[in-house]
Number of protein chains: 2
Amino acid sequence: MNPPTIKDVAKASGVSVATVSRVLHNLSGYSDKTKQKVLQAVEELGYQPNAIARGLINKRTQTIGVLVPDVSSSFSSEILHGIEQVANDKGFSVIMCNTDEDGKRTLKYLQVLGEKQVDGVIFTSGSLEDEYYKLLKQMRVPVVLVNTLSHKHAIPYVKVDDRQASYHATEYLIRKGHRDIAMICGTITDAIAGVPRLEGYRQALEDHGLEYMESRVGYGNFRLDMGREAMKLLLDEAPPFTALFAASDEMAIGAMGVALERGLKIPEEMSIIGYDDLVFSRMVFPPLTTIHQPLPMMGRMASEMLIQLIEGTDQVSSSIVSHQLIERQTVRQMP
Amino acid sequence: MNPPTIKDVAKASGVSVATVSRVLHNLSGYSDKTKQKVLQAVEELGYQPNAIARGLINKRTQTIGVLVPDVSSSFSSEILHGIEQVANDKGFSVIMCNTDEDGKRTLKYLQVLGEKQVDGVIFTSGSLEDEYYKLLKQMRVPVVLVNTLSHKHAIPYVKVDDRQASYHATEYLIRKGHRDIAMICGTITDAIAGVPRLEGYRQALEDHGLEYMESRVGYGNFRLDMGREAMKLLLDEAPPFTALFAASDEMAIGAMGVALERGLKIPEEMSIIGYDDLVFSRMVFPPLTTIHQPLPMMGRMASEMLIQLIEGTDQVSSSIVSHQLIERQTVRQMP
DNA sequence: TTGAAAGCGCTAACAG
DNA sequence: CTGTTAGCGCTTTCAA
């Protein structure tokens, strides 16, 4: 048999569907006796409201869509976790969309989210292309950005100040007595996460009277393997350096591996500072000193903002969350 | 204005909604001319079908629910990634539910998934309690299990043979010449992932004429910190050992950290083999030798099975996927 | 080749 | 306090 509907409950309890609906929503307008009857029927039939039917009428699905570049990365999944947490608390489900950083896929997801009538969407990490924006606009639902932002469109976001954080990391190395500091930066075509980090590094160097040397910066894509490659290149071809700032923990750890393989002691002979503070950064040995981004919290904040918007708040303001420098054991104090 | 509906398209193209529906679904029964008109109207209005309304009628939402204990863990998110991938390919969205291994939350999620009329659910890692089963049954949709199984209920699953894999890991250590082998096993109350791994270890020892010593097994909960604690205890109180088998990579890495902190060289003075092969296990230094579980693939398989079931296949068979021993650099060949 | 109409399960006036 | 009814946007007979 088919699952029981509100009609079945009505019949079983001898009242109308309207009344059933009323007691289900705790509205007023029925006697205590009917309430009992209805509740009992609900119980007996094992009735569950149909959220689809409800959504059709309310124009609310209590569902949000979240786009992430790669769920299986620690980075994305920590944010996702935060998002899911508050969404669930506030009665929203999350449809998770793994874009693979692929435009086609992203577009398709947006399309589907639209058709599924999600109440809002959270877009994480990556640049919000015009095409995306167009679709998003078309779906007429609130959007919030996490770990990215749009210069072109006024969309609320949650993000740390990369430039400042990079500056902080570099300056820390300088304070520790390092004067020859290399950097492995992320995708350089990435205006959001790539460029500002490089700038922060450069600025810190200059502010402290240290020369910025193009030959001391390697380029990666934030991932481990590119961190390794960049480190090899740096070690082979750059002017010698005693410290390295990597624009992501993955790259830092990759670089660390290369250094260790070459017999360099960390931090005695090579200091390394990362960026992100992924969960496993404290697991490696020696534990990685890094810039902490409060990923789960950023997810939670985004979720909260989005839901406020959904519930009718006109405006929420973007949030620059503060990073934190976590000292562990990969940076040495120079004599 | 409200988003355009099929009615608007009908009006704009001067035909009935039935006809619009027909061309949208590529059914037969309209002239080429009408088709053009309709398509043009769709285009002009920017019409998007409403999947909610569609779902109400079809009793199909093209959505599945996935329950994971902790998205932010590498373990869960790798499986999730696999699931999402094929789901998306086959036109399904995934609602992700983070249970936190909490019964109440799980129950609530199941409830919501039921109300949202998902077409199926995938349950990962953890024991399928009777209460869960009851709700699942009530929602009348197919279910598949990943990285767990149910002895009580006949539900298809995808899983590696833990006992065998543990045996394999232990035997490998023995082949490498180790005779004093400790183990850190997972939650011992976990009949699915805990006990069998311990048994495999024990069996391997016995089959090779080695004594199984209760004092050489530590207990953890699969997580890093417990791995650390267990290792400390083992190092302090167990009879000396040259090799360790940890029932999860996290614990292996935790144990590795402790060994390293105490000045033990890995693998020269302490060999370690893990279990899972999480992405970061190759990132640590030295890279971890471990039992590989094809997590993303298991996710993909589960997704495929579930969708087959949804599309009407009567039965699918459970799948014991094979593990693989990945030799990296944490196990030493004894002289 | 087309359209009218019933109805999916529910909510929300409106009328008693 | 309670029931009737008109949709929500769509699919699908059934007739034309």
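Numbers restart at 1 for each chain; the letters A, B, ... are given by sequence-line order, proteins then strands.
- Side chain to side chain, A:Glu115 and A:Gln111 meet the donor-acceptor criterion of an N or O pair below 3.5 Å.
- Using modelled atom types, one finds a donor on one side chain and an acceptor on the other under 3.5 Å when comparing B:Arg60 with B:Gln62.
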Report task. Apply side-chain hydrogen bond (donor to acceptor under 3.5 Å, both in side chains) to B:Glu129 and B:Ser127, showing your working. Result -> CA-CA 6 Å; B:Glu129 307 296 338; B:Ser127 117; 2.8 Å; yes
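- Legend: residues meeting side chain to side chain donor-acceptor pair (under 3.5 Å) with A:Glu131, ordered by chain and number and at least two apart, are absent.
- In this structure, OG1 on B:Thr61 lies 3.5 Å from CG on B:Asp119, to the nearest 0.5 angstrom.
- Surrounding CD of A:Glu101 are at most 12 heavy atoms belonging to other residues, nucleotides or ligands under 6.0 Å away.
- The shortest heavy-atom contact between A:Pro294 and A:Val321 is CG-CG2, 3.8 Å.
- Rounded to a whole Å, the CD atom of B:Gln62 is 16 Å from the P atom of D:dC10.
- For A:Lys116, the side chain to side chain donor-acceptor pair (under 3.5 Å) partners two or more places apart in sequence, or in a different chain, are B:Thr63, B:Ser93.
- Here the rule is side chain to side chain contact (heavy atoms under 4.5 Å, CB included) with A:Thr124, and of A:Leu67, A:Val146, A:Leu295 only A:Val146 fits it.
- Considering only side-chain N and O atoms, B:Thr5 lies nowhere under 4.0 angstrom from the phosphate OP1 or OP2 of D:dG9.
- Nucleic acid contact class of A:Thr34 (heavy atoms, under 4.0 Å, all strands): sugar-phosphate only.
- If you take NZ of B:Lys7 and P of D:dG9, they are 7 Å apart, rounded to a whole angstrom.
- In this structure, A:Lys37 places its NZ atom 13 Å from P of D:dC1, rounding to the nearest Å.
- In this pair, B:Phe123 and B:Tyr132 present their aromatic rings tilted. The plane angle is within the 30 to 60° band.
- For the residue pair A:Gln40 and A:Gln36, no side-chain donor N or O sits within less than 3.5 Å of a side-chain acceptor on the partner.
- Taking 4.0 Å as the cutoff to heavy atoms of chain B, we find the contact window on DNA chain C bounded by C:dT1 to C:dG9.
- The two atoms that bring B:Leu149 and B:Lys159 nearest to each other are CD2-CD, 3.8 Å, heavy atoms only.
- For the pair A:Asp32 CG and D:dC1 C1', the computed distance is 12 Å after rounding to whole Å.
- B:Ser125 and B:Asn147 share a side-chain donor-acceptor pair at under 3.5 Å.
- Of the residues in residues 46-60 of chain A, A:Leu56, A:Ile57, A:Lys59 come within less than 4.0 Å of DNA chain D through at least one heavy atom, sorted by number.
- Comparing the end axes of the helix from C:dT1-D:dA16 to C:dG16-D:dC1, each fitted to five base pairs by superposing C1' atoms of four pairs onto the next four, gives an inter-axis angle of 50° (nearest 10 degrees).
- Near DNA chain C, meaning a heavy atom under 4.0 Å away, the residues from residues 18-26 of chain A are A:Ala18, A:Ser21, A:His25.
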